[in-house]
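Okay, structure first, notes after.
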Amino acid sequence: MPEPNVVSWTSLMAGYVNVGQPEMALWLFGKMPGSSVMPNDFTFATVINACSILADVKVGRRIHAQVEILGFQSNLFVCSSLVDMYGKCNDVDEARRVFDLMGSRNVVSWTSMITAYAQNARGHDALQIFREFSGLMLDHPNHFMLASVINACASLGRLVSGKVTHGAVIRRGHESNDVVASALVDMYAKCGSVSYSEKVFTRILNPSVISYTSMIVGAAKYGLGKLSLNLFKEMIDRRIKPNDVTFVGVLHACSHSGLIDEGLEYLKSMYVKHGIMPDAKHYTCVVDMLGRTGRLDEAYQLAKSIQVESDEGALLWGTLLSASRLHGRVDIAVEASKRLIESNQQVAGAYVTLSNAYALAGEWDNAHSLRAQMKLTGIYKEPGCSWVEIKDSTYVFYAGDVFSCPQGGEVVSLLRELEERMKERGYVGGSMGLVFVDVEQEAKEEIVGLHSERLALAFALINIPKGVTIRVMKNLRMCRDCHEAFKHISDIVGRDFVVRDVNRFHHFRNGSCTCRDFW
DNA sequence: GTAGGGTTAG
């Protein structure tokens, strides 16, 4: 073209973005000043989208500055792409600032803001802004927006809000949308209703890799390893190509259902049969699988042989640390926590777990000295918390905090009674032992020793009628003591309940748990 | 010629 205009420039950039070469779009944008053609709103929306795909906030900020200079700061498309870009670059507060200053908004811009929150672990804010949108009654939510809202419900474990959103999906006729359905499958699984996940999943006509993966992961987290593996076989038969995430789900399923040989076979088959190179996340699953079953030496050797970035390393060594604690392998726990502390992530958690590993092995001096070291150096571990939803209310419980616990008196006496009955049944567990380590006041012992999930469960037992499933959510992983204790409790009180910890479920029924974490 | 959605290991 002798004289390409702004449309020619923008078309070419958009073309590069569309074929997956956003860096070429940015390169072209850099060449524009030499051509005396000025970028306009279309150009900015396109290149900001390129930054969003690349998660390049540095370039994104520079382009944002040009937007302000050239006076596009209230353009709907430009601002929507800025909100999205800041969201994808994990700068949610900047996304919100742009959103608040927008001249006009539509469903797309509201969706960008909801997504920015939902994808940055700010589920409450996502739901809050969705409520604001709904209150304005200017427009209906579409399938893009609903998918994001469902994602927010999933991350919060908000079953009731999730169901309400599912209702909106049905009313607005988005039931057959594959993306919305996948989000629902994931949401129900994360909210402890894996049977609903299955119902939604079986209604998807042509499930994508992601639909299948969501269902595989959901079943795996619930301890239904066989179901996960059957779904995997089914998707292969239907010639749907698995991806790297699918294999994380499959390996996770093997790990949590004790299917070690199968797991190792799947790892081998990844590249040979499916052309996917296993990476750190897959090896972490395998380390977990070997560690969980007690093959700690193999797990340690494998962990040492893996090349990792720092955040991958934290997960890898954290996995090995948990497994060593579980099986009382203090030697490996020491090595794993050393590496975890080196990675500069979850340092407090590493200290606590190592201390607990010592305590479990009866090395109380070491356990105490680690706790003392934490106090001395000011390393502080945030207390765990658990919560239950009853009707429209959420009740939150903190480890050891009986005083601000709703119906504290009743909760404590129920726990005492349960503990008594458990002792009669021969439960030894040393239930509270581990959290006693740094307690000095004897009178406080019993209370401080209570884990948050026990408080939440006792409260639920008092307030939720029989026949209704109790769902307890926990922000940290459930410890082995609680897991063992809950098996007894489900037997004593003769009812089912589900405890969701950070990423899996334990469904207690007739004194056993469907999740075979501790088999 | 422009903006938005779903799956990921301790």
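Just so it is clear: chains get the letters A, B, ... in the order the sequence lines come, proteins before strands, and each one is counted from 1. Model, not experiment: these values are computed from the prediction. All values below come from the heavy atoms of this structure, side chains included, with hydrogens, waters and symmetry mates left out.
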[X] has an atom [atom1]; how far is it from atom [atom2] of [N], in whole Å?
{"X": "A:L354", "N": "B:dG10", "atom1": "CG", "atom2": "P", "answer": "20 Å"}
{"X": "A:D311", "N": "B:dT8", "atom1": "CG", "atom2": "C1'", "answer": "13 Å"}
{"X": "A:Y188", "N": "B:dG6", "atom1": "OH", "atom2": "C1'", "answer": "15 Å"}

Assign [X] to base, sugar-phosphate, or nothing according to its heavy-atom contacts below 4.0 angstrom with the strands shown.
{"X": "A:V107", "value": "base"}
{"X": "A:D178", "value": "base"}
{"X": "A:V287", "value": "nothing"}

Nearest-nucleotide pick for [X], side chain only, options being [options]:
{"X": "A:H143", "options": "B:dG1, B:dT7, B:dG5", "answer": "B:dG5"}
{"X": "A:V7", "options": "B:dG6, B:dG10, B:dG1", "answer": "B:dG1"}
{"X": "A:Q346", "options": "B:dA3, B:dG6, B:dG10", "answer": "B:dG10"}

Legend entry - Those residues of residues 83-104 of chain A lying under 4.0 Å from DNA chain B by at least one heavy atom: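 The stretch gives A:D84, A:K88 as the residues lying under 4.0 Å from the strand, ordered by number.
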
Inset, instruction - Could you list all the side chain to side chain donor-acceptor pair (under 3.5 Å) pairs where at least one residue sits in residues 10-23 of chain A, not counting sequence neighbours? - result: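 Residue pairs with at least one partner in residues 10-23 of chain A: A:T10-A:T43.
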
Inset, instruction - Please work out which of the three classes, parallel, tilted or perpendicular, describes the rings of A:F247 and A:H282, given edges at 30° and 60°. - result: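 Taking A:F247 first and then A:H282, their aromatic rings stand perpendicular (interplane angle over 60°).
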
Inset, instruction - State yes or no: are the ring centers of A:F201 and A:Y212 separated by less than 6.0 Å? - result: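 Between A:F201 and A:Y212, the centre distance is under 6.0 Å.
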
Legend entry - Any donor-acceptor N/O pair under 3.5 Å between B:dG4 base and A:N142 side chain: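 Side chain to base: pair found, below 3.5 Å.
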
Legend entry - Heavy-atom donor-acceptor pair, A:S81 side-chain to B:dA3 base, under 3.5 Å: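 Looking at the base of B:dA3, it does not pair with any donor or acceptor on the side chain of A:S81 (distance under 3.5 Å).
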
Examine [N]: is either OP1 or OP2 under 4.0 Å from a nitrogen or oxygen in the side chain of [X]? Give yes or no.
{"X": "A:Q119", "N": "B:dG4", "value": "no"}
{"X": "A:K190", "N": "B:dT8", "value": "yes"}
{"X": "A:H252", "N": "B:dG10", "value": "yes"}

